[in-house]
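The structure appears right after this line, and notes come after that.
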Amino acid sequence: MRALVLILLLVPTGADAAEIWSFGECRSELARERTEFRRQLRNAQPDDPMFVPFPFPRNEHEAVADLIAFHRKAFADLPDNQLAPGNRRFFATLDEGRARFEVARVANWTPSRCGRRSASDFFYLVRVFDTSTGEEISRGAVDNWGLTMALAHVAGEAGGFRALPRLTVARGASVTSPQFVHTVGQELHCEILWPCIAYREGANAFIVRDGETYRLALERPLLSFRQELGNPQARRQLLDRFTGTPETFVTLGGDRVAVAEPVAPH
């Protein structure tokens, strides 16, 4: 088993200070199952697949520790010469004390926000840099329960990660509450390891991806993920409804889906 030889050089991004917000609502009838899941996670022992050193991480440091513990357990019995290059570089960077971390919170606007067991309002986006080169070598997501949702590595010859957008928007003085957001939709995808920016401006809410801005048409009736995306026929009908129009749709968390309208930047 690999020993933990690690120096945490963690650079806060400033994103953690803001409150996470969304428009999704979770069904109360799942509260009992979620309470039981919390109990199981809190009582998990080191040999349990659910075990993390910091269930319900309270800050960036605990989220990083949970991600590293998950990855070490997953490959504990595999010799270094059998690791993929990205994994091998990840462990070497940690063990040689060359790791620097940048951590931000990302609002979870996907249906998993209201999961049957582990409802996750947000997750920690963890970026791992090699201080000897300055290169970002790994990027992972740890939910607010402390469980790793995704983790990707870059081998030296494989190219780098797409840069994150800056958590700023140049629209006007009334812009408030910018945050990273993970959501899914027809054309507008905000990926788990490459999120978009969401912000408010007065009574409106916007999402920015690749320099394109969309307004959430919250004044219009919201769609249902279960009813309108829950089976192939309903999904096809919904896609046909938006085909050939500038509008699209995005999930808001839980069962809620909103129409998104492209707007010109200003």
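Positions are given from 1, in the same order as the sequence printed here.
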Report yes or no: does T133 contribute a side-chain atom to a donor-acceptor pair with the main-chain N or O of E135 at less than 3.5 Å? yes
May I ask you to check whether over 12 heavy atoms, not counting those of E36, lie within 6.0 Å of atom CD? yes
Under the salt bridge (charged side-chain N to carboxylate O under 4.0 Å, His left out) test against R72, which residue among D77, D95, D66 passes? D95
Are the side chain of K73 and the backbone of P46 linked by a donor-acceptor contact shorter than 3.5 Å? yes
Any L239 side-chain heavy atom under 4.5 Å of F249 side chain: yes
Once you round to the nearest 0.5 Å, how far does CZ of F161 lie from CH2 of W194? 14.0 Å
Would you please test Q179 and I20 for side chain to side chain contact (heavy atoms under 4.5 Å, CB included) and show each step? CA-CA 7 Å; Q179 66 179 10; I20 293 295; 3.8 Å; yes
Heavy-atom side-chain contact between N204 and L216 under 4.5 Å: no
Does T131 reach the main-chain N or O of R98 with its side chain, forming a donor-acceptor pair under 3.5 Å? yes
Salt-bridge contact D210-R162 (side-chain N to carboxylate O under 4.0 Å): yes
Do you know the tightest heavy-atom contact between F225 and G254? CB-O, 4.3 Å
Closest non-hydrogen atoms of P57 and A63, given as atom of the first, atom of the second and distance, are CB-N, 3.7 Å
I'd like to know if F206 and L164 are part of one continuous hydrophobic network [Ile/Leu/Val/Met/Phe/Trp/Tyr, side-chain heavy atoms within less than 4.5 Å]. yes
If hydrophobic clusters are built from ILVMFWY residues whose side chains come within less than 4.5 Å, do V175 and F23 share one? no
Determine, for R38 against E33, whether the closest basic-nitrogen to carboxylate-oxygen distance falls under 4.0 angstrom. no
Hey, what's the ring geometry for H153 with H71, parallel, tilted or perpendicular (30° and 60° as the breaks)? tilted
To the nearest 0.5 Å, tell me how far Q40 CD sits from F51 CZ. 15.5 Å
In Å, rounded to the nearest 0.5 Å, how long is the span from OG of S112 to CD1 of I192? 7.5 Å
Over all heavy atoms of both residues, which pair between V250 and A260 is shortest? Give the atoms and the distance, please. CG2-CB, 4.5 Å
Approximate separation, where rounding is to 0.5 Å, of Y124 OH and D143 CG: 10.0 Å
Should F122 and F70 be regarded as members of a common hydrophobic cluster, given that ILVMFWY residues are connected when their side-chain heavy atoms come within less than 4.5 Å of each other, either directly or indirectly? no
Within 6.0 Å of CD in Q233, more than 12 heavy atoms from elsewhere: no
With no hydrogens and no angle check, is any side-chain donor or acceptor of Q82 less than 3.5 Å from a backbone partner on L78? no
Give me the atom names and distance for the closest heavy-atom approach of V257 to S224. CG2-C, 4.4 Å
Do H182 and W109 have side-chain heavy atoms sitting under 4.5 Å apart? no
In the structure I gave you, are the side-chain heavy atoms of E136 and V154 within less than 4.5 Å of one another anywhere? no
Residues F56, E62; criterion side chain to side chain contact (heavy atoms under 4.5 Å, CB included); working and verdict: CA-CA 9 Å; F56 323 110; E62 294 184 353; over 6 Å; no
Looking at R88 and L83, would you say the former's side chain and the latter's main chain have a donor-acceptor pair under 3.5 Å? yes
Please tell me if the side chains of R256 and T251 come closer than 4.5 Å, counting only heavy atoms from C-beta onward. no
Lys/Arg-Asp/Glu bridge criterion (N-O < 4.0 Å) met for E102, R100: yes
Output yes when a side-chain donor or acceptor of N43 lies under 3.5 Å from a complementary backbone atom of R39, and no otherwise. yes
Taking all atoms of both residues into account, what is the closest heavy-atom pair of P262 and P246, and its distance? CD-O, 3.1 Å
Taking NZ, NE, NH1 and NH2 as the nitrogens, is one of them in E247 or R220 under 4.0 Å from a carboxylate oxygen of the other? yes
Hydrophobic clustering (ILVMFWY, side-chain heavy atoms < 4.5 Å, transitive) - are V259 and I207 grouped together? no
Please answer: with hydrophobic residues joined when any side-chain heavy atoms are less than 4.5 Å apart, are L223 and L252 in the same cluster? no
Any side-chain heavy-atom pair of P55 and W145 under 4.5 Å: no
Scan for disulfide (SG to SG under 2.5 Å) pairs involving residues 184-218, sequence neighbours excluded, and state none if there are none. C190-C196
Side chain to side chain contact (heavy atoms under 4.5 Å, CB included), that's the test. Do R127 and F129 meet it? Break it down for me. CA-CA 7 Å; R127 305 172 69 196; F129 295 83; 3.7 Å; yes
OG/S138 to CG/L94 distance, rounded to the nearest 0.5 angstrom? 7.5 Å
For the pair D130 (side chain) and G134 (backbone), establish whether a donor and an acceptor sit closer than 3.5 Å, ignoring hydrogens and angles. no
When rounded to the nearest 0.5 angstrom, what distance separates OG1 in T148 from CG in L67? 4.5 Å
Identify whether the distance between the nearest side-chain nitrogen and carboxylate oxygen of R226 and D255 falls below 4.0 Å. yes
Might you work through the side chain to side chain contact (heavy atoms under 4.5 Å, CB included) test for L125 and R105, ending with a clear yes or no? CA-CA 6 Å; L125 183 66; R105 292 199 302 169; over 6 Å; no
Any side-chain heavy-atom pair from T93 and I137 closer than 4.5 angstrom? yes
Heavy-atom count around R58 CZ within 6.0 Å, excluding the residue itself: above 12? no
Examine the side chains of N108 and R113 and answer whether a donor and an acceptor come within less than 3.5 Å of each other. no
So, do H61 and F54 sit near enough that their side-chain heavy atoms are less than 4.5 Å apart? no
Looking only at heavy atoms, the pair that brings P195 and V181 closest together is CB-O, 3.2 Å
